[in-house]
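Here is the structure we will look at, set down as structure tokens.
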Amino acid sequence: MTESIENKILAKIKKNRRGRIFFVDDFIAVAMAKTVNKTLERLATKGELTRIARGIYTRPEMSKLLGQPLTPSTEVIAKAIAKRDRARILPTGTYALNMLGLSTQVPMNVVYLTDGAARKIQLGKRSILFKKTTPKNLAVEGELTGLAIQALRVLEKDKVTPEQEAKIIEFLKKEKPEVLERDIALAPEWIRQIMRKALPEKP
DNA sequence: CGCGATAATTCTCGTTCTCC
DNA sequence: GGAGAACGAGAATTATCGCG
């Protein structure tokens, strides 16, 4: 039973569900990085894998109905990359607005803030842009507050409509008050003022 | 299939420019 | 004056080609 590297890798891949994302690092224990790369590349040629970007592969989630491979969502990819880099990411730009329900548009170009490296990933006609930012921006404890801050930054000061503000405040109320209170300190001044409105009334 | 070499793309780091 | 964001250059990693 010759355990070829390819078999080992393939077996490992097949243990996971489709749609999962793999990195070279996932198989570093099986063989040298170079060899792993080669193997993944060959598997990609065979159609077992799809190459999303450099060093990032996924199992093509074939739609049996349409017979065409489904591209993983940008969110899945972004999170996978963040995990690999042990970096924290935060959706921003129009995407943040979308997640908050302030916009129904799903942008083609998704922008994430990261404390890792800035990079750009092309996904066919879509793209993910990782923007380097200061740790401060990512230090937020609550994911909700982080989203809210980013959304507000996109809307720009003085351009936030009362409706948008109300919606964000409503959203922030779902966050734990303690977390919210702490994260307020990390926001730009003008955003703090809005965030404070989401805090419970104080005696 | 596995390995080495070459070319392309990406990552990291430092500096500069702008805004607050 | 201080901080944050953007840009550019070099270094490293990855993709592709060819061979045993």
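In this text the structure is predicted, and so the values were computed from the model without any measurement. All chains are named by letter (A, B, ...) in the order of the sequence lines, taking the proteins before the strands, and each is independently numbered beginning at 1.
- The phosphate of C:dG4 (OP1 or OP2) has no side-chain N or O of A:Thr133 nearer than 4.0 angstrom.
- Taking side-chain N and O atoms only, A:Lys131 has a distance below 4.0 Å to OP1 or OP2 of C:dA6.
- By the rule that hydrophobic residues join a cluster once side-chain heavy atoms approach within less than 4.5 Å of another member, A:Leu147 and A:Leu129 end up as members of separate clusters.
- The separation between A:Asn37 atom CG and B:dC1 atom P is 16 Å, rounded to whole Å.
- Looking only at side-chain heavy atoms (C-beta outward), A:Ile81 and A:Tyr112 stay at 4.5 Å or farther from each other.
- What separates CG of A:Leu186 from C1' of C:dA3 is a distance of 15 Å, to the nearest Å.
- Regarding A:Asp115, its CG atom lies at a distance of 16 Å from the C1' atom of C:dA5, rounded to whole Å.
- The residue among A:Lys120 and A:Arg42 whose nearest nucleotide of DNA chain B lies closer to the 5′ end is A:Arg42.
- Both A:Leu100 and A:Ile169 are members of a single hydrophobic cluster when ILVMFWY side chains are connected at heavy-atom separations under 4.5 Å.
- Contact check, A:Thr35 against B:dC3: a side-chain N or O comes under 4.0 Å of OP1 or OP2.
- Looking at heavy-atom distances under 4.0 Å, A:Tyr57 makes contact with sugar-phosphate atoms alone, never a base.
- By the neighbour-count criterion of 12 heavy atoms within 6.0 Å, atom CZ of A:Arg88 is densely surrounded, having more than that number from other residues, nucleotides or ligands.
- The distance between atom CG of A:Leu129 and atom C1' of B:dT10, rounded to the nearest whole Å, is 14 Å.
- Spacing between atom CZ of A:Arg51 and atom P of B:dA8 amounts to 15 Å, rounded to whole angstrom units.
- Going from atom CG of A:Leu40 over to atom P of B:dG2 covers 12 Å, rounded to whole Å.
- Set against C:dA6, C:dA5, C:dG18, the side chain of A:Lys38 has C:dG18 as its closest nucleotide.
- In this structure, A:Ile121 atom CD1 and C:dT13 atom P are separated by 18 Å, rounded to whole Å.
- Under 3.5 Å, the side chain of A:Arg54 and the base of C:dT14 form at least one donor-acceptor pair of N or O atoms.
- Spacing between atom CD of A:Glu41 and atom P of B:dG2 amounts to 14 Å, rounded to whole angstrom units.
- Listed pair A:Arg153 / C:dA5 meets the phosphate criterion, a side-chain N or O lying under 4.0 Å from OP1 or OP2.
- Between A:Met195 and A:Ala187, the shortest heavy-atom distance links the atoms SD-CB, 3.8 Å.
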